[in-house]
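The shown structure was predicted, so the numbers you read here are calculated from the model rather than taken from an experiment. For ligands, and for the atoms within them, numbers begin at 1 and follow the listed sequence.
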Amino acid sequence: MGGLNAPILSGAALAERFSALDAFLCAQQSIWREKPFTRQQLNWETDYPELAAWLRTRSLADAEACHNSAHTLTAPQPFMDWAQQAEQLCSLGAFHATDLAERPLRMQSGIAQRKWQQIAAFAGAVQGSAQQLLRQPQHWLDWCAGKGHLGRYLAWPDAQLESLEFDAQLISSAQAISEKYLPQAQHTLCDVMSPASVAPLLRSDTVVALHACGDLHTHLLRQVSAQPTAALALAPCCYNRTQAECYQPLSNAGRASQLQLDRDDLSLPLTATVTATTRERRLRDQSMAWRLAFDILQRRLRGLDEYLPTPSLSATWFNKSFAQWCQDVAALKELPQVPEQDWAQLEAQGWQRLAQVRNLELVRGLFRRPLELWLVLDQALFLQEQGFIVELGEFCAAELTPRNLLLLAQRG
Ligand SMILES: C[S@@+](CC[C@H](N)C(=O)[O-])C[C@H]1O[C@@H](n2cnc3c(N)ncnc32)[C@H](O)[C@@H]1O
């Protein structure tokens with residue numbers, strides 16, 4: 001949603017935007033909280049029958065075609081009003097990308113092109129922020145670093161780098177790569193959630209985290225504010241990976257909000273699928289259509305009009321016939337023996353429901369980015385309350401990664 005004239009948020013604009021998003025999300029809770037996958041009929045469909053009927057007649061391909069651009073759909077009201085409000089509330093500028101010195105070409109080897117582009121964009125944005133928040137760091141700390149590509153990119157050729165990662169194999173790969181390009185780098189095997197992450201924080205002046213999930217990034221924010229860390233660049237990810245059942249707001253404004261978010265709600269921002277391959281999409285569609293067909297079957301078998309969750313199943317499960325798959329899932333859920341069925345008809349009903357679900361989900365999809373921005377603004381406001389100067393913007397196009405929000409903070 002980053003536009004040419006959209007602003008990078010900083011100062012009072014952070015609280016203003018949070019408050020507007022909060023009002024929007026609270027007012028429309030009954031619309032975005034209901035999940036079409038688990039409910040055969042949604043409550044809001046009675047309030048907006050024209051919109052519901054219109055969505056229910058569209059095909060799976062129709063839904064797929066506008067999955068990431070639902071705001072452009074000419075659907076019956078109030079769809080277009082919601083879409084317009086969401087679009088306005090999420091308008092956010094992109095950080096100016098500084099051209100950094102070319103990194104040696106061989107540094108890219110073994111890194112997926114998309115990942116490399118994300119890293120280059122993150123690094124360009126970090127060093128190109130309008131207020132130059134993160135000026136000339138001497139000692140970078142890469143938090144949840146994987147193989148340490150981001151930190152290595154930033155520290156190259158002569159700054160200090162420490163990267164923290166709790167997977168020993170990734171650490172040894174990281175070490176091997178750094179020996180070639182950044183021998184001074186230190187890769188530390190460390191659970192960032194443990195007290196062992198404090199000493200590295202004290203040693204560094206600037207912490208970066210690209211796609212650190214849930215608790216890993218909220219813990220970082222708390223640590224950065226508790227320690228004398230000078231600056232932070234964070235692109236959060238997987239907001240739903242939390243120990244706590246419900247989101248624990250960080251900022252005063254977040255705590256004052258009426259919004260209570262559970263893990264299911266926190267997974268809404270992650271439902272965009274720009275990076276899935278065709279094969280992954282096909283398998284995901286089949287899995288969902290079969291589960292929706294099974295949902296029709298299990299309601300009949302149990303004589304109970306209620307959704308029954310099914311466990312996640314490996315891809316090999318979908319090599320079975322549909323009939324066998326249903327029987328095996330029923331056994332897994334300890335349901336009575338499944339009587340002979342018109343399996344072809346049941347499977348077709350599953351696919352039909354999938355088309356309806358995907359189209360109804362376009363409504364929820366309108367609230368995906370507003371909710372994500374609400375969460376990241378809560379983090380931005382927390383840092384501001386702790387005395388940091390904060391900027392929030394996009395570091396790359398959503399096609400490169402939908403998790404493209406970047407929070408830059410410098411101790412004031
Ligand atoms: C989504 S990946 C991001 C990796 C890297 N920043 C990147 O963008 O390529 C998250 C990383 O966090 C690491 N991780 C997960 N939990 C951790 C923990 N408690 N302490 C340290 N690292 C952790 C994982 O092993 C993984 O490498």
Side-chain angles (χ1 to χ4, degrees), residues 103 107-126 134 137 140-156 161-178 181-182 185-201 203-204 206-224 227 229 232-244 263 266-267 269-270 272-276 372 375-376 394-398 400-408:
R103 270 45 181 168
M107 247 171 113
Q108 281 187 51
S109 80
I111 309 176
Q113 198 195 7
R114 188 186 286 277
K115 184 49 115 187
W116 182 257
Q117 288 170 333
Q118 288 171 21
I119 287 171
F122 187 109
V126 161
L134 277 57
W140 298 91
L141 179 67
D142 191 347
W143 186 265
C144 299
K147 292 186 185 170
H149 297 310
L150 173 68
R152 201 176 298 109
Y153 192 107
L154 284 160
W156 187 87
L161 166 68
E162 181 165 6
S163 74
L164 306 183
E165 170 56 56
F166 81 159
D167 179 324
Q169 257 188 336
L170 291 176
I171 287 283
S172 76
S173 306
Q175 208 89 55
I177 305 171
S178 286
Y181 305 110
L182 199 78
Q186 183 183 341
H187 299 278
T188 309
L189 185 63
C190 173
D191 175 357
V192 295
M193 302 300 285
S194 76
S197 62
V198 174
L201 273 169
R203 286 194 282 272
S204 69
T206 299
V207 189
V208 293
L210 172 58
H211 297 163
C213 308
D215 285 342
L216 302 175
H217 68 247
T218 49
H219 186 66
L220 170 62
L221 290 161
R222 290 200 177 90
Q223 284 299 314
V224 159
Q227 310 305 335
T229 313
L232 164 75
L234 164 67
C237 186
C238 301
Y239 307 93
N240 59 339
R241 298 231 178 136
T242 59
Q243 282 289 320
R263 270 200 219 105
L266 294 175
S267 65
L270 312 172
T273 54
V274 294
T275 54
E372 176 167 30
L375 288 165
V376 182
E394 295 177 356
F395 71 94
C396 67
L400 207 51
T401 167
R403 302 285 74 72
N404 65 349
L405 295 178
L406 177 65
L407 200 60
L408 297 183

Asks: Could you work out, for atom 1 (C) of ligand 1, the closest of H211, R403, Q118, H219 by heavy-atom distance?
Replies: H211
Asks: Against heavy atoms of D191, which atoms of ligand 1 measure under 4.0 Å?
Replies: 18 (C), 19 (N), 20 (N)
Asks: Under the salt bridge (charged side-chain N to carboxylate O under 4.0 Å, His left out) definition, can you give me all pairs with a residue in residues 140-152, not counting sequence neighbours?
Replies: none
Asks: Taking N or O atoms only and a 3.5 Å limit, does M193 qualify as a polar contact for ligand 1?
Replies: no
Asks: Pick, from G151, S197, C190, C238, the option with the minimum heavy-atom distance to atom 21 (C) of ligand 1.
Replies: C190
Asks: Among all protein heavy atoms in this structure, tell me which lies nearest to atom 15 (C) of ligand 1, with the distance rounded to 0.1 Å.
Replies: F166 CE2, 3.3 Å
Asks: Side chains of L406 and E394: does their closest heavy-atom pair fall under 4.5 Å?
Replies: no
Asks: Would you give the length of the straight line joining atom NE2 of H149 to atom CG of L154, rounded to the nearest 0.5 angstrom?
Replies: 13.0 Å
Asks: Assign the ring pair H211 / F395 to parallel, tilted or perpendicular, where the plane angle (0 to 90°) is split at 30° and 60°.
Replies: tilted
Asks: For atom 20 (N) of ligand 1, what is the closest protein heavy atom, and at what distance to 0.1 Å?
Replies: V192 N, 3.0 Å
Asks: Quick one: are V192 and C144 in side-chain contact, heavy atoms under 4.5 Å?
Replies: yes
Asks: Against L270, only a single residue in E372, R403, R241 fulfils side-chain contact (heavy atoms from CB on, under 4.5 Å); can you say which?
Replies: R403
Asks: Looking at residues at least two apart in the chain, or sitting in another chain, which of them share a ring pair (Phe, Tyr, Trp, His ring centres under 6.0 Å) with W116?
Replies: Y153
Asks: Which residue supplies the protein heavy atom nearest to atom 4 (C) of ligand 1, what is that atom called, and how far is it?
Replies: C144 O, 3.4 Å
Asks: Considering non-hydrogen atoms of the protein only, which is the closest contact for atom 9 (O) of ligand 1, and what is the distance?
Replies: K115 CE, 3.0 Å
Asks: Please check whether L210 reaches ligand 1 - meaning an N/O of the residue sits under 3.5 Å from an N/O of the ligand, judged on distance alone.
Replies: yes
Asks: Is the shortest N/O to N/O distance between E165 and ligand 1 below 3.5 Å?
Replies: yes
Asks: Is ligand 1 under 4.0 Å from a heavy atom in the side chain of L150, in the backbone, in both, or in neither?
Replies: neither
Asks: Let me confirm one number: the OG-CG distance from S163 to L141, rounded to the nearest 0.5 Å.
Replies: 8.0 Å
Asks: A145: heavy atom below 4.0 Å from ligand 1, yes or no?
Replies: yes
Asks: Considering only heavy atoms, does A212 approach ligand 1 within less than 4.0 Å through its side chain, its backbone, both, or neither?
Replies: neither
Asks: Hey, could you give me the NE2/CG distance between H219 and L221, rounded to the nearest 0.5 Å?
Replies: 10.5 Å
Asks: Closer than 4.0 Å to some heavy atom of L170 - which atoms of ligand 1 meet that?
Replies: 27 (O)
